[in-house]
Amino acid sequence: MKTLLRFLQNGKTQFHVAALAKEYLDAHNFTQISDRENLVELAAGRYYLAPFSSIVIPFVKGAQSTQVRIACAHTDFPMLKVKPNPELKKLGYLQINVEPYGGLIKETWFDRPLGLAGKVILKGDTSFHPEVRLFDSEKPVAIIPNLAPHLKRGGKEGELDVQKELIPIVDMVAPAADSHFLLSYVAEKLNISPDDILDFDLYLYICDAPTTVGMNDAFVTSPRIDNISSVCAILEGLASAEPSNTLCIGALFDNEEIGSRSKQGADSTLLSDIVKRLAAGSQLSLIEDGFYLSVDVAHATHPNYNEKSDITNTVLLGKGAVLKSSASQRYVCDSEAGACIIDLCNTNGIALQRTVNRSGMPGGQTLGPIVSSYLPMRACDIGIPVLAMHSASELMHKDDYTALTALITAFFTSP
């Protein structure tokens, strides 16, 4: 749990999650390599690629691979993204213009201390080689105050007007406040000139720290459980793998929350290209000798809304990892692949639950079907069950993370 809690606390954006992943891999004897490397000629060992600032692809390879196992997760999560030219001055307040990133439960972002983090792009040696800096305010700098119920009387209830109602306050107008007060604040923290900033990807994040909850401290409530829990479980599982005839690959993608269609998203050719380069020259068949896990959180059955879950497949916090399936293949598992995971859990004493969506409710989609479409191999969707998915603070059970980590470890290390 220590690794997970550290990532939940410090993984403020997808860029920070990727940086933490690299730190973890470095500490566990993985070597970062360039995409220019000839992957076929690499000696047996532990390596990782980080082609873009929000993704990491670690792998463990032996001298000769006869099977491949891949586990994928995503580094991003719902947030509020700062728009270009974000500064606003209104009625004596300083505000910043933001837009939702992903499907956040918007109402949960009111009245919470919000930090500012992301990456800032600076002038580099040439136009095509800018400098990238991570940024974190490391304190709350913004808040979105709610409207009192007394002032809502007589109004119409409905969807939030995000352009109007989700604009945060960062300060009061002062005589010395310049028109680029946000970038000036960022520049001061980075000890640079505002003129050095060419562009940025900055987000507001929930400042809540991960906290244990319950009479026996069984639960953890925290922002970003979706999907940092999966990222950490994959990293811990890979760290247990030794070079062998099994080629073990983790892929930590970005942009899942907005569809995965980007160079750093799962719906690109990146992973396929890397797998084929690693397997080149071998007799390895992806169809016969490959297995893929899509690792993402699952909906637990809510005790106050149990009618929203399937009537015969109840998923509870604390009862183990979750194997997800769907008749529409929104989750990629089928019976042959699912049987492998069930037997792996039975053999290793790992608690496992099954979930399907309630009929008539399509639910979400994961990386599973996307990756499966271009890497044709047996595949399953797994994850830990959570409540309040996409809320500002989500809820999980410690035992489920232990089960998921054990499952992924067994997946990478079993013959």
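- Under the 3.5 Å distance criterion, the side-chain polar atoms of Arg224 are matched with a main-chain donor or acceptor of Leu8.
- In terms of modelled atom types and a separation under 3.5 Å, the side chain of Arg358 and the main chain of Glu307 share a donor-acceptor contact.
- Checking Thr221 against Ser393 by side-chain atom types alone, a donor-acceptor pair falls below 3.5 Å.
- Results of the side-chain contact (heavy atoms from CB on, under 4.5 Å) test with Lys324 over Val356, Asp296, Asn357 single out Asp296 as the only residue that passes.
- The shortest side-chain heavy-atom distance between Leu247 and Gln67 does not fall under the 4.5 Å cut-off.
- Here the side chain of Ser268 pairs no donor or acceptor atom with the backbone of Gln264 at under 3.5 angstrom.
- Within 6.0 Å of the CD1 atom in Ile311, the count of heavy atoms belonging to other residues, nucleotides or ligands does not exceed 12.
- Atom-to-atom distance recorded for Asn348:CG and Ser414:OG is 5.0 Å, nearest 0.5 angstrom.
- More than 12 non-hydrogen atoms from other residues, nucleotides or ligands lie less than 6.0 angstrom from CG of Asp273.
- The distance from atom CD1 of Ile121 to atom OG of Ser53, rounded to the nearest 0.5 Å, is 6.5 Å.
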| Please walk me through it: do Gln32 and Asp26 pass side chain to side chain donor-acceptor pair (under 3.5 Å)? | CA-CA 8 Å; Gln32 182 173 3; Asp26 290 339; over 6 Å; no
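- When side chains are defined from C-beta on, Tyr401 counts as touching Cys232, because their heavy atoms get closer than 4.5 Å.
- Here the shortest heavy-atom pairing between Ala241 and Val60 reads O-CG1, 3.9 Å.
- When atom types are taken as modelled, the side chain of Asp400 and the backbone of Gly320 share a donor-acceptor pair closer than 3.5 angstrom.
- A 6.0 Å sphere centred on NE2 of His299 holds no more than 12 heavy atoms belonging to other residues, nucleotides or ligands.
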| said: Please determine whether side chain to side chain donor-acceptor pair (under 3.5 Å) holds for the pair Thr301 and Asn306, giving the CA-CA distance in whole Å, both sets of side-chain angles, and the decisive distance to 0.1 Å. | reply: CA-CA 6 Å; Thr301 301; Asn306 62 297; over 6 Å; no
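- The residues Lys106 and Glu159 are annotated as salt-bridged, a charged nitrogen and a carboxylate oxygen being separated by less than 4.0 angstrom.
- Scanning both residues, Thr409 and Gly237, for their nearest heavy atoms gives OG1-CA, 3.4 Å.
- Contact of the Pro369 side chain with the Gln329 side chain is not registered, since no non-hydrogen atoms from C-beta on lie closer than 4.5 Å.
- Here the closest heavy-atom approach between residue Ile55 and residue Pro51 is recorded as CD1-CG, 3.8 Å.
- Here the side chains of Leu104 and Leu80 are in contact, with some heavy-atom distance below 4.5 Å.
- Without hydrogens or angle criteria, Ser230 side chain to Val295 main chain gives a donor-acceptor distance under 3.5 Å.
- Checking each of Val275, Leu278, Val68 against Leu284 for a side-chain contact (heavy atoms from CB on, under 4.5 Å) leaves exactly one that passes, namely Val68.
- Judged by distance alone, with hydrogens and angles left aside, the side-chain atoms of Asp76 form a donor-acceptor pair with the main-chain N or O of Glu256 at under 3.5 Å.
- Under a 3.5 Å cut-off, the side chain of Thr75 and the backbone N or O of Phe253 do form a donor-acceptor pair.
- Using modelled atom types, no side-chain atom of Asn255 and backbone atom of Gly265 make a donor-acceptor pair closer than 3.5 Å.
- Surrounding NZ of Lys83 are more than 12 heavy atoms belonging to other residues, nucleotides or ligands, all under 6.0 Å away.
- By the neighbour-count criterion of 12 heavy atoms within 6.0 Å, atom CG of Asn304 is densely surrounded, having more than that number from other residues, nucleotides or ligands.
- Between Tyr24 and His28, the ring planes lie parallel to each other; the angle is under 30°, not in the 30° to 60° tilted range.
- Within the 4.5 Å cutoff, the side chain of Asp254 has no heavy atoms near those of the Ser262 side chain.
- Under the side-chain contact (heavy atoms from CB on, under 4.5 Å) test applied with Ile57, the options Leu252, Ile274, Ile70 reduce to a single match, Ile274.
- A donor-acceptor pair under 3.5 Å is formed between the side chain of Lys398 and the backbone N or O of Asp217.
- Residues Val141 and Tyr185 form a side-chain contact, since some pair of their non-hydrogen atoms from C-beta on lies under 4.5 Å apart.
- To the nearest 0.5 Å, atoms CG (Asp201) and OH (Tyr101) are separated by 9.5 Å.
- With no hydrogens or angles considered, a side-chain donor-acceptor pair links Asp226 and His390 at under 3.5 Å.
- Atoms CD1 and CD1, from Ile249 and Ile234 in turn, are 12.0 Å apart once rounded to the nearest 0.5 Å.
- When all heavy atoms are compared, the tightest approach of Ala142 to Leu204 is CB-CD2, 4.2 Å.
- Other residues, nucleotides and ligands contribute more than 12 heavy atoms inside 6.0 Å of the CG atom of Leu147.
- When only modelled atom types and interatomic distance are considered, Gln163 and Asn97 share a side-chain donor-acceptor pair under 3.5 Å.
- Taking every heavy atom of both residues into account, Asp381 and Val332 meet most closely at OD2-N, 2.8 Å.
- When atom types are taken as modelled, the side chain of Ser373 and the backbone of Ile370 share a donor-acceptor pair closer than 3.5 angstrom.
- Looking only at side-chain heavy atoms (C-beta outward), Tyr292 and Leu367 come within less than 4.5 Å of each other.
- Between Leu88 and Tyr93 there is no side-chain heavy-atom pair separated by less than 4.5 Å.
- One distance of note links CG of Leu114 with CD1 of Ile143; it measures 7.0 Å at 0.5 Å rounding.
- One finds a salt bridge joining Arg46 and Glu242 here, because a Lys/Arg side-chain nitrogen approaches an Asp/Glu carboxylate oxygen to under 4.0 Å.
- Pairing each heavy atom of Gly92 with each of Met172, the nearest pair is O-CE, 3.2 Å.
- Counting non-hydrogen atoms of other residues, nucleotides and ligands closer than 6.0 Å to CD of Glu131 gives a total above 12.
- Note that CG of Asp343 and CG of Leu352 are 11.5 Å apart. Values are rounded to the nearest 0.5 Å.
- Of the charged side-chain nitrogens involved, at least one lies within less than 4.0 Å of a carboxylate oxygen, so that Asp35 and Arg277 count as a salt-bridged pair.
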